[in-house]
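Chain identifiers are assigned alphabetically (A, B, ...) following the order of the sequence lines, protein sequences preceding nucleic acid strands; residue numbering begins at 1 within each chain. Because only heavy atoms are used, hydrogens play no part in the values below, and waters and symmetry mates are left out as well, while side chains stay in.
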Amino acid sequence: MKIFNSYTNSLETFVPYHEGQVSMYVCGPTVYNYIHIGNARPVVFFDVVRRYFEAIGFTVKFVSNFTDVDDKIIQKAISEGVSELDVSNRFIAAFLADVEKLGSKTDYIKPRVTEYMPQIIAYIQEMVNKGFAYIVDGDVFFSVDKIPEYGKLSNRKLDDLLSGSRIEVNDKKKNPLDFVLWKRTVEGVHWNSPFSVGRPGWHTECVTMIDDIFSEEIDIHGGGIDIMFPHHENEIAQSLACKGHRCANIWMHNGRLNLEGEKMSKSEGNVVWVKDLSVDPMAFRMFLLSTHYRAPIAYSQDSLDSYVNEWQRLKKSVIGIFVTLDYNSVYHINCEITDPDITAIISAFTESMENDFNTANALTAVNQALKIINNLMRQKTDYERMNQILKAMNYMLMILGLSIDQVPLTANDKDLLARWEAARKAKDFQLADVLRNELAHKNLV
RNA sequence: GGACCCAUAGCCAAGAGGAAAGGCAAGGGACUGCAACUCCCUGAUCGUUGGUUCGAAUCCGACUGGGUCCUCCA
């Protein structure tokens with residue numbers, strides 16, 4: 001298994017710290033609003049990573065946080081006259097609904113910043129004690145000069161960063177690149193700490209939760225490429241300071257999704273919300289997976305629409321072959337896949353996934369399987385092969401999170417199918433059309 | 001201003017030194033009671049331009065055109 005590691009900027013062979021186990025953490029949402037389709041990309045992609053590891057036999061400990069302490073949450077709470085908890089609870093629920101809608105698993109570990117305040121304060125204290133952080137008027141800053149390799153992840157030099165013209169001036173900082181660990185404030189939700197009354201900066205939460213939950217360097221840390229700097233860079237710096245390791249062995253970053261060439265962001269106002277998706281969410285998921293995760297995607301309604309067709313085609317054929325097998329009472333979920341064409345497809349699929357999760361090529365294998373299904377469905381006689389290809393197809397779709405429901409036929413369904421078949425045989429096309437409509441309504445034809 | 005990435009058929013998109021995957025759309029044909037579905041067939045010297053090489057979409061340079069980060073953003 002090869003994975004591109006942003007930290008070393010190279011494709012690496014994945015070797016887990018503990019055999020048969022994968023520990024992974026993905027930066028989660030700041031819960032002050034709904035998520036847009038760009039936010040959906042890591043939600044879908046890292047779910048596929050998890051599913052693949054699980055499919056090939058790994059036990060995956062998957063953690064993704066909720067940032068529920070943030071300026072925007074406080075502002076929203078103030079403007080709505082409710083508590084921060086009200087705001088975050090509302091958008092956590094909305095987020096999980098969207099995740100489910102996108103076909104990603106929701107049964108992962110979901111720590112919240114507000115539940116980790118003692119650990120966060122202790123982590124900051126440790127950085128102060130070890131001389132990596134300093135306190136000025138109750139604010140705590142991390143001193144990036146203390147970390148020689150600062151900038152390695154995002155491939156930046158401190159000098160280049162300093163020459164950027166937009167770094168804000170802050171007299172309290174020793175180095176303009178130093179970042180805030182703790183901010184003294186009584187506005188909004190705040191906590192007591194040895195430094196002052198205030199709240200933590202946003203870079204410490206992830207690294208604290210990772211340390212608390214895993215107690216060691218993890219296998220994979222994921223997130224969007226746009227938070228590689230400074231967020232992930234800062235996580236590494238803090239982890240090196242406190243724990244002496246880089247927080248994660250492999251750093252994975254998904255590319256951006258841009259709206260018709262333009263950057264989509266809440267502050268720009270050009271946003272498509274996941275909750276408002278106008279197409280089948282599975283078609284959207286397919287659209288996301290049809291481009292390699294590290295490449296940017298230019299979203300447009302047109303490019304999305306072609307996947308609507310593709311998804312419908314796939315769904316119809318998979319349901320069709322299942323119905324045919326079940327109707328003829330020859331469906332064998334545990335059949336053994338021996339057909340060389342079918343094993344070749346699974347091999348191609350696996351090879352693609354093993355090559356840095358190349359889901360675009362994995363979908364090509366799905367299309368090959370679809371072609372075989374459609375060919376078999378013209379004859380509807382080779383039940384053995386039909387069972388094998390359906391099993392292979394379901395395996396691939398399960399990993400991609402594009403599962404298609406295959407509900408066993410009821411006696412009534414079977415009766416309907418039998419009567420339709422009989423009507424056509426008897427050339428009673430009027431009755432046949434009525435029955436066909438009924439079957440179509442039930443998605444059985 | 002600084003750092004970096006990308007450019008493959010009408011559209012989307014793999015491939016990363018040795019014969020241009022796949023999908024959508026389009027056209028032709030087959031199948032069909034009708035329709036849909038489905039099946040078969042049809043398409044690219046890989047932005048332009050120099051170079052390196054026996055050989056370049058793949059490596060290097062220049063140019064053009066997009067985009068990202070340096071600032072809250074996934």
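Between the side chains of Asp413(A) and Tyr327(A), not a single donor N or O lies within less than 3.5 Å of an accepting N or O. A donor-acceptor pair shorter than 3.5 Å can be found between the side chains of Lys2(A) and Thr13(A). A donor and an acceptor atom, one from each side chain of Ser6(A) and Arg294(A), are nowhere located under 3.5 Å apart. With no hydrogens or angles considered, a side-chain donor-acceptor pair links Arg112(A) and Asn89(A) at under 3.5 Å.
Partner assigned to C73(B) is none, using Watson-Crick or G-U wobble distances below 3.5 angstrom. When Watson-Crick and G-U wobble pairs are counted only if both distances are under 3.5 Å, U48(B) pairs with A62(B). With both pairing distances under 3.5 Å, A25(B) is matched to nothing as a Watson-Crick or G-U wobble pair. Pairing partner, C34(B): none, since no Watson-Crick or wobble contact has both distances short of 3.5 Å.
Listed nucleotides A74(B), C72(B), G23(B) differ in distance to Pro42(A); the shortest reach to its side chain belongs to A74(B). Minimum atom distance to the side chain of Asp226(A) is reached by A74(B), of the listed U68(B), C24(B), A74(B). Among C69(B), C24(B), C72(B), the nucleotide with an atom closest to any side-chain atom of Lys72(A) is C72(B).
Side-chain contact between Glu233(A) and Arg156(A) is absent, with no heavy-atom pair separated by less than 4.5 Å. Between Trp191(A) and Thr114(A) there is a side-chain heavy-atom pair separated by less than 4.5 Å. Side-chain contact between Leu431(A) and Arg419(A) is absent, with no heavy-atom pair separated by less than 4.5 Å.
Tested against Phe14(A) for a ring pair (Phe, Tyr, Trp, His ring centres under 6.0 Å), the candidates Tyr52(A), Phe357(A), Phe53(A) yield a single pass: Phe53(A).
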With side chain to side chain donor-acceptor pair (under 3.5 Å) as the criterion, how do Ser306(A) and Asn309(A) come out once you've worked through the C-alpha distance, each side chain's angles and the decisive distance to 0.1 Å?
CA-CA 5 Å; Ser306(A) 72; Asn309(A) 296 344; over 6 Å; no
Please assess Tyr134(A) against Asp178(A) for the test side chain to side chain donor-acceptor pair (under 3.5 Å), listing each intermediate value before the final yes or no.
CA-CA 10 Å; Tyr134(A) 55 94; Asp178(A) 290 349; 2.5 Å; yes
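A16(B) sits 14 Å from A21(B) when the C1' atoms are compared, rounded to a whole Å. A distance of about 14 Å separates the C1' atoms of C6(B) and C46(B), rounded to the whole Å. Using atom C1' as the reference point in both U42(B) and A3(B), the two lie 47 Å apart (nearest Å). The C1' atoms of A25(B) and G43(B) are separated by 12 Å, rounded to the nearest whole Å. Of the C1' atoms belonging to A7(B) and A44(B), the separation is 15 Å, rounded to the nearest Å. Comparing the same atom, P, in C4(B) and in A62(B) gives a spacing of 12 Å after rounding to whole Å. Straight-line distance between the P atoms of A20(B) and U52(B): roughly 23 Å, to the nearest whole Å. The same atom, P, is picked in C41(B) and in C54(B); the two are 40 Å apart, to the nearest Å.
In this structure, Asp305(A) places its CG atom 19 Å from P of G23(B), rounding to the nearest Å. For Leu153(A) and C4(B), the CG to P distance is 16 Å, given to the nearest whole Å. Atom CG of Leu402(A) and atom C1' of G23(B) are 14 Å apart (whole Å). We find that CZ of Arg294(A) is positioned 18 Å from P of C4(B), with the value rounded to whole Å. Atom C1' of nucleotide C73(B) and atom CG of Asn39(A) are separated by 8 Å, given to the nearest angstrom. Rounded to an integer number of Å, the gap from CG of Asn33(A) to P of C73(B) is 14 Å. Going from atom CD1 of Ile225(A) over to atom C1' of A74(B) covers 11 Å, rounded to whole Å. Protein atom CG of Leu289(A) is 14 Å distant from nucleotide atom C1' of C12(B), rounded to whole Å.
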Protein within reach of the bases, or only the backbone? For nucleotides 32-39 of chain B, mark each nucleotide 5' to 3' as B, S or -, using heavy atoms under 4.0 Å.
-BBB-SBS
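Each of Glu310(A) and Phe287(A) was assigned the nucleotide of RNA chain B with the nearest heavy atom; the assignment lying further toward the 5' end belongs to Phe287(A).
At A74(B), none of the side-chain N or O atoms of Asn254(A) fall inside 4.0 Å of OP1 or OP2 (strictly under the cut-off).
Between His253(A) and His232(A), the ring planes lie tilted relative to each other; the angle falls in the 30° to 60° range.
Aromatic ring centres of Phe91(A) and Tyr32(A) lie farther apart than the 6.0 Å criterion allows. Ring centers of Phe179(A) and Phe141(A): at least 6.0 Å apart, outside the cut-off. Taking the six-membered ring for Trp and the full ring otherwise, Phe142(A) and Tyr150(A) have centroids separated by 6.0 Å or more.
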Show me the protein contacts with nucleotides 13-17 of chain B, counting only N or O atoms at under 3.5 Å.
{"from": "A14(B)", "atom 1": "OP1", "to": "His292(A)", "atom 2": "N", "distance (Å)": "2.8"}
{"from": "A14(B)", "atom 1": "O3'", "to": "Asn358(A)", "atom 2": "ND2", "distance (Å)": "3.1"}
{"from": "A14(B)", "atom 1": "O2'", "to": "Asn361(A)", "atom 2": "OD1", "distance (Å)": "2.3"}
{"from": "A14(B)", "atom 1": "O2'", "to": "Asn361(A)", "atom 2": "ND2", "distance (Å)": "2.4"}
{"from": "G15(B)", "atom 1": "OP1", "to": "Asn358(A)", "atom 2": "ND2", "distance (Å)": "2.8"}

Protein-nucleic acid N or O pairs under 3.5 Å, nucleotides 41-43 of chain B:
none

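Residue Asp71(A) is out of contact with every strand shown, counting any heavy-atom pair closer than 4.0 Å.
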